[in-house]
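Notes for the one structure printed next.
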Amino acid sequence: MPWEQRPDGISSDGSGRPVSSVSVPPVGAIRARAVRRIAFSVGDLALILTVAIAGSRVMQVAHETGLPLAVGLLLGMLASMLVQLLLATLAAPILGSIESMVPTAVIAMTLPAVVCVLSLLGLDWRRSQLDAATATIALAFWLWTIAYAHRCRHRFRTLAVARPCATPATTSLDPFGHER
Amino acid sequence: MNGDMSAASASPPRQCPGGDTTRQWARRARLYEVLEASDLRRAHAKRTLFRHMRGQTLFVGVGTGLDIAHFPVGPVITAIDISEDMLRRARRHRDRYLATAEEHGCASLELCLMDAAALTFADHSFDTVATACTLCSVADPSRVLSELRRVLRPGGRLLMFEHVRSSQPILAAVLDAMSLWSRRRGTDMSRETVRAVIEAGFDIERIESVFLDIILAIEASRPPAKTGHSNAHGVPV
């Protein structure tokens with residue numbers, strides 16, 4: 001475990017440098033981090049695609065029932081949100097609760113509406129065509145999340161103030177007010 | 001160390017943690033580890049953040065103890081939570097941590113039943129205060145932050161792993177919409193935590209994006225004491 005902290009507060013990379021917020025992780029740790037990031041991104045993509053296709057199919061079914069447009073839209077939106085909630089909850093233990101819930105909520109709130117607009121415009125697409133269009137939009141959204149994540153990392157990194165090691169403990173009383 | 005939930009018996013909280021909040025978290029404790037088991041993805045960021053724990057450390061909102069696995073060995077840790085059910089589940093993680101940490105010859109982790117908005121600890125009694133997804137779940141974040149500032153010694157560190165409102169309008173709208181439902185379960189998805197930390201009188205040292213600009217690892221510090229002075233935001237230090 002290359003950048004684990006030893007009890008004496010010295011980094012375990014053998015350099016003898018104290019652990020600090022500005023320490024540079026070893027190459028192995030950076031590579032492992034990149035692999036992990038890619039693996040989770042692929043997981044995110046799979047979930048976004050599943051939610052997108054399931055949501056749009058639910059909306060298409062709602063339209064095919066012959067219900068009035070407003071009722072079909074409302075029921076379709078509700079059903080696709082439920083599908084999204086279920087799929088995101090199932091994925092949460094692996095991908096993370098917020099990490100799976102937020103992007104798929106964007107998809108579940110927008111894609112069924114797109115299906116409705118297409119239907120309003122009189123574009124009667126076959127299911128395979130609709131799936132392809134939905135997957136394309138979902139893929140574009142996933143690429144946007146990748147770009148936005150990169151931008152966020154860069155934004156916060158530039159905000160960071162390089163500081164030396166944390167100041168050593170100087171408190172003489174324990175939390176309950178007793179002398180240590 | 002005198003074991004579990006010591007503050008509840010040895011030093012009773014100023015305000016008894018209870019009411020709806022406690023009942024709500026007692027209900028959530030049952031399925032918490034299944035639904036919130038996002039550790040696979042967040043573990044690395046948490047471990048990196050928490051390795052900055054030093055000396056007397058207060059961990060606020062330990063829940064079922066999922067985060068204990070990421071604590072470094074060395075600091076003297078007091079972990080609090082408002083729910084007794086959560087703390088009961090946290091014992092298992094604490095025991096595992098202590099067993100591992102004792103191999104290094106230094107292990108101290110105490111679980112206490114306490115309300116984060118009414119800490120019973122003396123002023124300036126901690127060198128580090130840490131939280132993980134806590135500020136989203138408290139009723140009054142500014143009051144909690146003011147308590148954290150009170151118990152943190154001047155120059156001490158605040159480590160926070162929190163989810164916040166996105167600055168991206170579409171994501172922010174989604175988080176706002178999700179909050180309409182999640183608030184009923186005790187979690188606000190759209191809190192401006194970074195701003196609240198600054199307004200509470202802390203200096204932000206570093207922010208790391210864990211997931212977009214929604215999950216952040218925040219490192220802040222309480223400015224060193226200078227009587228009669230105030231920080232850039234007008235908060236006396």
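Every chain is numbered from 1 and lettered A, B, ... according to where its sequence line falls, protein lines coming before strand lines. All heavy atoms count here, side chains included; hydrogens, waters and symmetry mates do not.
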Report the C-alpha separation of A/Arg151 and B/Asp213 in whole Å, then their side-chain angles, then the decisive distance to 0.1 Å, and conclude whether the salt bridge (charged side-chain N to carboxylate O under 4.0 Å, His left out) test is met. CA-CA 9 Å; A/Arg151 223 171 73 197; B/Asp213 56 353; over 6 Å; no
Mind checking the CZ-CG spacing from A/Arg153 to B/Leu212? Nearest 0.5 Å is all I need. 9.0 Å
Given that the side chain runs from C-beta out, which part of B/Ala173 has a heavy atom under 4.5 Å from chain A: side chain, backbone, both or neither? neither
To the nearest 0.5 angstrom, please state how far the CG atom of A/Leu85 sits from the CH2 atom of B/Trp181. 5.5 Å
Rounded to the nearest 0.5 Å, how far apart are CZ of A/Arg37 and NE2 of B/His44? 9.5 Å
What is the distance from atom SG of A/Cys152 to atom CD1 of B/Ile215, rounded to the nearest 0.5 Å? 11.5 Å
Decide, yes or no, whether a salt bridge links A/Glu99 with B/Arg42 under the criterion of side-chain N to carboxylate O below 4.0 Å. yes
Is it the backbone or the side chain of A/Arg36 that comes under 4.5 Å from a heavy atom of chain B, or both, or neither? side chain
In Å, rounded to the nearest 0.5 Å, how long is the span from CD1 of B/Ile218 to CZ of A/Phe156? 8.5 Å
Counting heavy atoms not belonging to B/Arg195, are there more than 12 under 6.0 Å from its CZ? no
Should B/Arg41 and A/Asp44 count as an ion pair when the cut-off is N to O under 4.0 Å? yes
Could you go through B/Ser209 and A/Tyr148, starting from their C-alpha distance and side-chain angles, then the distance that decides it, and tell me whether this counts as side chain to side chain contact (heavy atoms under 4.5 Å, CB included)? CA-CA 11 Å; B/Ser209 155; A/Tyr148 188 62; over 6 Å; no
Hey, what do you get for CD1 (A/Ile98) to OG (B/Ser182), rounding to the nearest 0.5 Å? 9.0 Å
Chain A heavy atoms under 4.5 Å from B/Ser166: which part of the residue, side chain, backbone, both or neither? side chain
For chain A, which of B/Ile170, B/Leu171, B/Ile214, B/Leu49 has the most heavy-atom pairs under 4.5 Å? B/Leu171
Does this structure show an ion pair linking A/Arg155 with B/Glu208, if we count only N-O contacts that are shorter than 4.0 Å? no
